[in-house]
Structure formats: structure tokens, C-alpha cells
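The next block holds one structure in the form of C-alpha cells; read it before the comments.
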Amino acid sequence: MTAIRDHALIGKAKDIPVSAPTPVISVSPIVLPFPNRLVDLQIRVSAPTTGNNLPIILLSHGHGRSNNLSSLNGYGPLYDFWAGHGFVVIQPTHLSSKTLSFDESVPGATQLFWRSRVEDMSFIIDHLDQIEDLVPVIKGRLDRSKIAVAGHSMGGHTASMLLGSTLTDPDDGTVSKLIEPRIKAGVLLGAPGNGGDSLSTFAFDNYTLFRNPSFAEMKTNTLVVAGDADGSPHLTTRGAEWHTDPYHSSPGPKTLLTIFGGEHGFGGIAGYDVAETTDESVERVAVVQRLTWAYLRSTLYPEDSAWSVACAALKETDGLGKIESK
């Protein structure tokens, strides 16, 4: 691995090593017919132009206030980087996206189509053959035994359920378990935490899906990424620590990456130079890019030393973040 400098403002993040980058091809929108869904599923596929036996990251977008980022059009800083360093990244437009803007009278809309979001990801895995046919540049190049999921904000909720978390269904009171066993690792970025009195009055009254989550059965290897300045007062009364609950309330193996100074946008992971980022920082984005990449590399390929090398490099920096594991 080499320490590369991919932006003049990357700062100390340049000292966290990554593999040499390769050119990326990104194809969208790809439309997958999806029976009984309100609309067919649209996805983006991003991949390196070279390499075979490529691992896969399913990327679930958040529910931000922008018109386009919460869809397959968002998260360029993540999919560009991950694909440029050897992953195939597949990201859907969930039904909660503002690009669709379903009326609140549509069943599921007021609860952000939480179940449909999870089902989207399993549907993608079920239809990898079809996706390869629609995107010939990746045909025969996927390693389907190496699938990870990543999600930001509401996408972190989606990813956590695929990794084993559960919730009490707000509609019928049953406990919903939607773990996807084909997913071997996960990254939760600014994901929601525990419910009950951890929630703000607004979140408790309006987002009943957040009232009774449980991380007790989330056993899949997961990196929880939390910003120590991500207070999210519209959702929680507990401040930034709320976003660490998926780490503290779940069994190991788990790792918590705390991003110093990180707000909900982690410096701008949802898009390049976007208005909703409140903590714009090229350096902070680079820390998230490099450490998430390294974690997934070593978790999916235990013989790969990327994670241990990245952790040692982070420890040598001053003021970027810290890591703890269990």
C-alpha cells in the first residue's frame, strides 16, 4: 500500500495508507422490475475498470433535506473512492427518496418506507445475474461471497437491520427480523440509536419506527462511525453519543470509529460541495473514506492488513479520530 495524496486539502489523512487507485466507471440509472413495489427499483453501479473477483458494497442513502442526494445520485465521495479502490458499489433509490416524494397518505411513507428499504437490498443480491447482464463491464467480475452493506443516517438504520438489528413494527407490534445472511460486514455512518426516552419528542411522535429498536442480535461484523459533534437534536435528547448505541448495545465483534469534529455529514460524504453539509472538510471525508475501505478490506479478507495499518496510522495523527473495538 502507498500513502497517496488525492486532494490538496486532504491534510493529515494522507498518512492513512490505501491501495493505488484505479479509474472508475459508474452506470445509472439501471432499472430493475420489482413486482408489487410502488415503482421499479433504480440503481447505480460503480466499479473499477480493472480487476476480477471484486467484493461488493451495497450503499443505502439517508433521508436528508436535499432534492437529489438521498437517491442513487448521492454519495459520490464514497462510491467514487470505494470503487476506485477495488469494490463494486451498488446503490438504490429507496421509496423514501425526495426524488419520488410519495404523498404521506401512501402506506409506509410517514415511516420512511423502512421495510421496503431493507427489502431493496436483498432484492439487489437476488438479482445480481440480471445486474451483470445490464452492466456488461462487471459481468463475471463479482465475488458474491464478499458482500458488505453501508448506510448513512436513515441508510444506517436500513443497514443495521440487514446486519441483524430488530425493531417492533409500529403497525402491528410484531418484532421484525430482516437479517440478510449473505452480507458479511457492515458500516453504519451516523446511524440512529436506541429508542424510548433517548428520542426527542418530535422523533417519538413522528417516527414510531425508532421507538423500539434492538441491537442485541446484530452479530455481523460492523464498523460504527459516529461524529462527536453530531448532536441531531431533532431526533435525540442525548446528543452525539446516541449514534454510538449500535456499537455499545450490540454483541461483538464490533468497532467504533469516532470522528473528531464530525457532524452528521462527516465533512461531506453525501456529495461534493453540497449545501446540507454543516461541517465541510475534505480531510474529514478522506478519513472516513480510507478507514471504511480498510475495515471492509480486512473484514472480508482477514489476511489483508489494511485495517491494522490504517489504525496504526490514525493513532499517529493528532485530532482526526479514535477507534475502539470489542
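Judged by distance alone, the side chain of Thr220 and the main-chain N or O of Leu163 form a donor-acceptor pair under 3.5 Å. Between the side chain of Thr99 and the backbone N or O of Ser71, no donor-acceptor pair lies under 3.5 Å. Side-chain atoms of Lys326 come within 3.5 Å of backbone N or O of Ser250 as a donor-acceptor pair. No donor-acceptor pair under 3.5 Å is formed between the side chain of Arg182 and the backbone N or O of Lys146. A donor-acceptor contact shorter than 3.5 Å is absent between the side chain of Lys177 and the backbone of Leu167.
Taking the six-membered ring for Trp and the full ring otherwise, the centers of His63 and His94 sit at least 6.0 Å from each other. Taking the six-membered ring wherever Trp is involved, the centroid distance between the rings of Tyr75 and His152 falls below 6.0 Å.
Here the CG-OG1 distance, from Asp197 to Thr237, works out to 6.5 Å after rounding to the nearest 0.5 Å.
Contact annotation: the side chain of Trp293 never approaches that of Leu296 to less than 4.5 Å [non-hydrogen atoms, C-beta and beyond].
Glu324 has no carboxylate O lying under 4.0 Å from a charged side-chain N of Lys254, or vice versa, which leaves the two without a salt bridge. Taking a cutoff of 4.0 Å between a charged side-chain nitrogen and a carboxylate oxygen, Arg115 and Asp120 do not qualify as a salt bridge.
Ring planes of Trp114 and His157: perpendicular class, angle over 60° (limits at 30 and 60°).
No more than 12 heavy atoms of other residues, nucleotides or ligands lie within 6.0 Å of NZ in Lys219, so this atom counts as exposed by the packing criterion. Within a 6.0 Å radius of NZ in Lys322, other residues, nucleotides and ligands contribute 12 heavy atoms or fewer.
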